[in-house]
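Worksheet: the structure to be examined is printed underneath.
Order of listing sets the numbers, starting from 1, for every ligand and every atom in it. The first residue of the sequence shown is numbered 1, and numbering continues consecutively from there. Values below: all heavy atoms of this structure, side chains included; hydrogens, waters and symmetry mates excluded.
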Amino acid sequence: MKSFRVNPEVAQALAENRPVIALESTIISHGMPYPQNVETALHVEQIIREHGGVPATIGIIDGVGVVGMTPEEIEEFGKRGMAIPKVSRRDLPVIAAKRSWGATTVATTMIFAHMAGVKFFVTGGIGGVHRGAESTFDVSADLEELGRTAVTVICAGAKAILDLPKTLEVLETKGVPVLGFQTQELPAFYTRTSGLKIDYAIQDYEDGAAIVKAKEELGLSGGILITNPIPEEYSLPAEQIDAVIEQAIKEMDEKGIKGKECTPFLLARISEITGGESLASNIQLVFNNAAVGTELAKAYCALGK
Ligand code: PSU
Ligand code: MN
């Protein structure tokens, strides 16, 4: 049995060198509540189409990686939510052998995107080095994947649930270019700034596309991270969100939550504490990333095969 299948519309777009944008399914099942998760996932696909791209939401159905899920399949991921296992690289063989459903994280979405030949992937935030990693060793497999798999990931930086300076250090060690879309500061998801300087500010889409192409021509393995700040009107005050994050982390520690449960717990708790305000910001930054990511992919395709 084949381990992945590509939606015919996606396959055709790839064959014709048209922009295809991968999207993850853990953000649907574990990152947002139902029904906002499904509404957001379908609207993101719509935005990609409006910008002239073809969306490919990726998830695992009956053990097979599906590159380009149908709206019905997306709805199913949203409804079943956390009942679907969150699948990172280490979980893939078990899920495939058991013919289970699985929600793909940034790491696994990159794996299937790469198998299918999809070069651009839009999401909200990536996993990274967790606070306290010096004792827990909790470093997301997303960083490892960025170090090895050639997919360009467009995100709004990483949430301050993580240790952002350590996350940048690990990305540097793994040789991952971290670029800012018209900024030279790492955006921190809900806020446009973090005080941390990154490698390079991309001036426009052509500039970004040229860097993706140059890395390919150098024959370097691994991905590229393009960080795109949340639009000003949707960003949250840093002091407010920092206090909420501190509280959520404290509750997580008190409950003894560890490993792969950490990120979903924190995302849900932050949304609860802010009464949905953080969720609204989260949704808007994904929309913004979809527009920028599709324009980057278009500029890349214009460079030819
Ligand atoms: N960060 C977010 N939203 C998310 C995630 C991270 O702001 O939805 C999800 C992504 O799927 C990411 C995963 O790949 O959590 C990282 O999980 P972990 O920290 O367990 O590696
Ligand atoms: Mn982890």
Side-chain angles (χ1 to χ4, degrees), residues 22-34 36-38 40-41 44 57-60 77-78 81-82 84-92 102-113 121-147 149 151 153-164 166-167 170-171 186-191 194 223 225 227-230 236 241 244-245 248-249 252 257-271 274 278-286 288-289:
L23 299 159
E24 58 155 316
S25 44
T26 294
I27 192 175
I28 304 173
S29 58
H30 292 66
M32 293 182 190
Y34 181 79
Q36 289 95 330
N37 54 3
V38 174
T40 303
V44 168
T57 301
I58 297 180
I60 302 164
F77 267 81
M82 300 215 195
I84 296 179
K86 171 181 161 188
V87 178
S88 197
R89 177 180 270 270
R90 62 105 192 248
D91 307 300
L92 265 181
T104 54
T105 61
V106 168
T108 18
T109 302
M110 289 179 75
I111 293 172
F112 286 115
F121 165 20
V122 162
T123 190
I126 59 159
V129 179
H130 279 262
R131 296 194 196 174
E134 56 275 29
S135 59
T136 62
F137 275 45
D138 191 350
V139 178
S140 175
D142 292 352
L143 301 185
E144 202 66 48
E145 207 60 49
L146 280 161
T149 302
V151 172
V153 180
I154 295 95
C155 70
K159 284 204 173 75
I161 58 173
L162 302 170
D163 185 322
L164 299 181
K166 287 194 182 70
T167 299
V170 171
L171 286 166
L186 180 73
F189 202 86
Y190 299 117
T191 55
S194 63
L225 190 64
T227 61
N228 181 35
I230 184 171
L236 300 177
I241 200 69
V244 171
I245 288 169
I249 291 178
M252 179 180 79
I257 293 167
K258 289 191 175 65
K260 69 191 278 188
E261 319 297 336
C262 290
T263 301
F265 173 83
L266 292 172
L267 300 182
R269 219 28 218 128
I270 291 166
S271 175
T274 61
S278 66
L279 179 61
S281 295
N282 195 341
I283 291 170
Q284 291 299 329
L285 65 82
V286 178
N288 185 42
N289 292 344

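Per-residue contacts place Leu267 under 4.0 angstrom from the following atoms of ligand 1 (heavy atoms of the residue considered): 2 (C), 3 (N), 4 (C), 7 (O), 8 (O). For ligand 1, the atoms sitting less than 4.0 Å from at least one non-hydrogen atom of Phe189 are 7 (O), numbered in the order shown with element in parentheses. The distance from ligand 1 to the heavy atoms of Thr26 drops below 4.0 Å at these ligand atoms: 11 (O). Atoms of ligand 1 lying under 4.0 Å from at least one heavy atom of Lys86, given by number and element, are 17 (O), 18 (P), 20 (O). The Asp142 neighbourhood of ligand 1 comprises atoms 12 (C), 14 (O), 16 (C), with distances under 4.0 Å to a heavy atom of that residue. Contact atoms of ligand 1 toward His130: 19 (O) (distance under 4.0 Å to a heavy atom of the residue).
Residue Thr263 touches ligand 1 through its side chain alone, judged by heavy-atom distances below 4.0 Å.
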Exercise for the section: Given side chain to side chain contact (heavy atoms under 4.5 Å, CB included), test His30 with Leu267 step by step and report yes or no. Expected result: CA-CA 8 Å; His30 292 66; Leu267 300 182; over 6 Å; no
Practice task
Given side chain to side chain contact (heavy atoms under 4.5 Å, CB included), test Thr104 with Val87 step by step and report yes or no.
Solution key: CA-CA 5 Å; Thr104 54; Val87 178; 5.5 Å; no
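Nearest to atom 11 (O) of ligand 1 among the protein's heavy atoms is Glu24 OE1, 2.5 Å. Closest protein heavy atom to atom 1 (N) of ligand 1: Gly125 O, 3.5 Å.
Polar contact with ligand 1: present for Lys159 (N/O pair, distance under 3.5 Å). Checked by distance only, ligand 1 and Val106 come closer than 3.5 Å through their nitrogen or oxygen atoms. The N/O atoms of Ser140, backbone and side chain alike, include one that comes under 3.5 Å of an N/O atom in ligand 1. Considering backbone and side-chain N/O of Thr105, none are found under 3.5 Å from N/O of ligand 1.
A donor-acceptor contact shorter than 3.5 Å is absent between the side chain of Arg269 and the backbone of Ile249. Using a distance-only test at 3.5 Å, with no hydrogens or angles considered, a donor-acceptor pair links the side chain of Lys86 to the main chain of Lys260. Listed for the Thr105 side chain is a donor-acceptor partner under 3.5 Å among the backbone atoms of Ala107. Distance alone, capped at 3.5 Å, is enough to place a donor-acceptor pair between the Asn37 side chain and the Ile28 backbone. Between the Asn288 side chain and the Pro229 main chain, a donor and an acceptor come within less than 3.5 Å of each other.
Defined by atom type and a distance below 3.5 Å, a donor-acceptor pair is missing between the side-chain atoms of Ser281 and Ser278. Counting only N and O atoms by type, the side chains of Thr40 and Gln36 include no donor and acceptor under 3.5 Å apart.
Here the N, O or S atom of Asp138 that is nearest to the Mn ion (ligand 2) is OD1.
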